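Okay, so here's the structure we're looking at.
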Amino acid sequence: MQVLHNVQIANERQLDDGYDSEGCASSSKPMLGEGEKRKEMFKSYSNVVCTMAGTGILQLPYSLSQGGWAIVLLILVAAVMANYTAKLLIFLLYRPGGIRLKGYPEIGEAAFGTAGRNTVHIFHKGTLLGMSAVFLILAAKFLHDCWNQMGFDHNPSVKVWTLLTTVMVAPPTLFLANVDALSFTSALGGAVTIAVVLGVVILGLTDNGHSAAKGGHKMIDVLNFPVAFSTVCLSFGGHACFPTLQHTMAQIGVGKTRFMKVLDYSFLTLLLFYIPTAVVGYAVYGDDVESPILSSLPSDGVAGGWNTALQMSMTVNVLLTFPILQHVMIHEAEEKLGLLREDGKYMTSGDLKGTLTRLGVRSVLLLTAGITAYFVPYFADMMSLVGALCVTMMVFVFPCVFAIKLNEDTRTLPLSTDDYLWFAWLGLIIIVGFVGGSIGAEQAMKQLYDDIKNGSDPDN
């Protein structure tokens, strides 16, 4: 999620004209050499990986404790499907006549009018709001754990830490005009993700305090498979950002075919991150593995110090990323309220009414996330719920439905050599996403309700 602020880049235009068959901006395309194109591909590759590789990786071992070893196969299948639907979105951006739609909502509008556009917006904003709350919960959980590991006598509860983290993120959320100053979080997020993978693998395998059979293992748990599927979906949920990232490449003459290769390399990299983390975490701690996985790693000695450093690094990363998530929604709200010019600048920087309106909008969004995190401080439950309710639709269902609607005559998309095969493949993805997401959402809401009703302690 680290580069969601890139979604703001193209807000000025509904669509762009003058794109050639490779999806490049023909009117302003510079002549880039092969070496320069490869550099741009690497930048996009880094952004795509950082968009998806984040907090989802922390719950993958726990998802295996829910669904069993079969979840490893599910991660592979989900990666293949998500990679394909990402490519569908890029194809759907380009309409006849050299026209390129701006982004995901516009694809929905092209397919189903205003209803399609609004539906995409609702699920996208639901994801952003849900993940904003998850970030506050995660930061509070890690700060609570680190406080314990450092041996302080009194440790505030996770709920108190949630209030404190909300205060920490308030200044950049409320007062930054834009999040350009936080653009370095993409690199930070990538570095933290790599550190987490290494930490889980090394600290897990060397954790002598646990046997491989400590929590027990299972091959498959059919009943809990859907809720585990929701977490896996969240780990591949970068589709809302892909149109903007590809637009950046198109503007400098790097075609959509190369962006497809970027997607392939990116999803392969994610699998190299996800599979070792999930397998080692579940193999070592079994069904007793916690979410986030760092809470299961050693808490004392040298290993404990390493774990504390990982938790603090992840805390800093999510606290810096929180304003970026919020600013995607802030920017759109302020634009609709007429507070922004077409170039993205404020209409009048010294207008008291406008300033108070902006602070009001930002405060509502901040408090919504903070209140949700305070009253529902359950990281695993919230991750599963967001993944099931919103991300499954954005990643699996919508791209396939829009593709069928927009290409019912031409069908020039991948796997279209056999129309029946193409429809069958898209139908399978839709069914998996919709059924898995629906059942997973029901299970996540039930678990969340039980935790709230029973007063489950988020500190443990």
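Quick caveat, the model's predicted, so the values are computed rather than measured. Keep in mind that the numbers below use all heavy atoms, side chains included, and drop hydrogens, waters and symmetry copies.
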**Request:** Measure from the side-chain N and O atoms of N307 to the backbone N and O of L294, and report whether any donor-acceptor pair falls under 3.5 Å.
**Result:** yes
**Request:** Would you confirm whether S438, through its side chain, and V435, through its main-chain N or O, come within 3.5 Å as a donor-acceptor pair?
**Result:** no
**Request:** For residues A388 and G440, report the shortest heavy-atom separation together with the two atoms involved.
**Result:** CB-C, 3.6 Å
**Asked** Can D145 and N148 be said to form a side-chain hydrogen bond (donor to acceptor under 3.5 Å, both in side chains), step by step?
**Response** CA-CA 5 Å; D145 289 351; N148 277 338; 5.0 Å; no
**Message:** Do Y62 and I293 make a side-chain contact, defined as non-hydrogen atoms from C-beta onward lying under 4.5 Å apart?
**Reply:** no
**Item:** Nearest-0.5 Å distance, CG of residue D288 to OH of residue Y282
**Value:** 10.0 Å
**Message:** Can you tell me which residue among L143, L320, L138 is in a side chain to side chain contact (heavy atoms under 4.5 Å, CB included) with T315?
**Reply:** L143
**Message:** Does F142 form a ring-ring contact (aromatic ring centres under 6.0 Å, His included) with W161? I'd like the steps, not just the answer.
**Reply:** CA-CA 9 Å; F142 281 159; W161 278 116; over 10 Å; no
**Prompt:** Short question: side chain of Y104, backbone of M394 - any donor-acceptor pair under 3.5 Å?
**Reply:** yes
**Message:** Do N224 and D221 make a side-chain contact, defined as non-hydrogen atoms from C-beta onward lying under 4.5 Å apart?
**Reply:** yes
**Message:** Among L101, L92, V120, which residue satisfies the side chain to side chain contact (heavy atoms under 4.5 Å, CB included) criterion with E106?
**Reply:** L101
**Check: E109 main-chain N/O paired with R117 side-chain donor or acceptor under 3.5 Å** = no
**Prompt:** Are any of the side-chain heavy atoms of V391 and F396 separated by less than 4.5 Å?
**Reply:** no
**Prompt:** Got V169 and F135 here, is their nearest side-chain heavy-atom distance under 4.5 Å?
**Reply:** no
**Asked** Would you say S295's side chain and S291's backbone share a donor-acceptor pair under 3.5 angstrom?
**Response** no
**Request:** State, yes or no, whether a side-chain contact exists between L203 and W306 at a heavy-atom distance under 4.5 Å.
**Result:** yes
**Request:** Determine whether the aromatic ring centres of F123 and F398 lie less than 6.0 Å apart.
**Result:** yes
**Request:** Calculate, to the nearest 0.5 Å, the distance between atoms SG and CZ belonging to C400 and F434 respectively.
**Result:** 14.0 Å
**Backbone of A380 reached by a side-chain donor or acceptor of Q59 within 3.5 Å** = yes
**Request:** I would like to know whether T173 and Q326 meet side-chain hydrogen bond (donor to acceptor under 3.5 Å, both in side chains); could you show each step before the answer?
**Result:** CA-CA 7 Å; T173 303; Q326 291 275 294; 5.3 Å; no
**Fill in**
Here the gap from N47 atom CG to T244 atom OG1, rounded to the nearest 0.5 Å, amounts to 11.0 Å
**Prompt:** Name the one of Y84, Y274, F273 that satisfies ring pair (Phe, Tyr, Trp, His ring centres under 6.0 Å) with F236?
**Reply:** Y274
**Request:** Ignoring hydrogens and angles, state whether a donor on the side chain of T85 or H239 is under 3.5 Å from an acceptor on the partner side chain.
**Result:** yes
**Request:** Examine the side chains of R100 and Q246 and answer whether a donor and an acceptor come within less than 3.5 Å of each other.
**Result:** yes
**Message:** Nearest 0.5 angstrom please: T231 OG1 to L385 CG, how far?
**Reply:** 10.5 Å
**Asked** Okay, side chain of H217, backbone of A283: is any donor-acceptor separation there less than 3.5 Å?
**Response** yes
**Message:** Just so I know, are the side chains of L263 and F242 near enough to count as touching, which here means a heavy-atom distance under 4.5 Å?
**Reply:** yes
**Message:** Quick check with a 6.0 Å cut-off and a 45 degree axis cone: is K159 positioned over the face of Y374's six-membered ring?
**Reply:** yes
**Item:** Side chain to side chain, K87 and N83, heavy atoms closer than 4.5 Å
**Value:** yes
**Message:** I'd like to know if the side chain of S456 reaches the main chain of I452, judged simply by a donor and an acceptor atom lying under 3.5 Å from each other, with no hydrogens or angles considered.
**Reply:** no
**Fill in**
Interatomic distance, CD1@I90 vs OG1@T257, rounded to 0.5 Å, equals 11.5 Å
**Prompt:** Between T165 (side chain) and T162 (backbone), is there a donor-acceptor pair under 3.5 Å?
**Reply:** yes
**Request:** Report yes if the side chains of L310 and M314 come closer than 4.5 Å at any heavy-atom pair, otherwise no.
**Result:** no
**Prompt:** What's the spacing between M393 CE and T119 OG1 if we round to 0.5 Å?
**Reply:** 8.5 Å
**Prompt:** Got a sec: does the CZ of F229 have more than 12 other heavy atoms crowding it under 6.0 Å?
**Reply:** yes
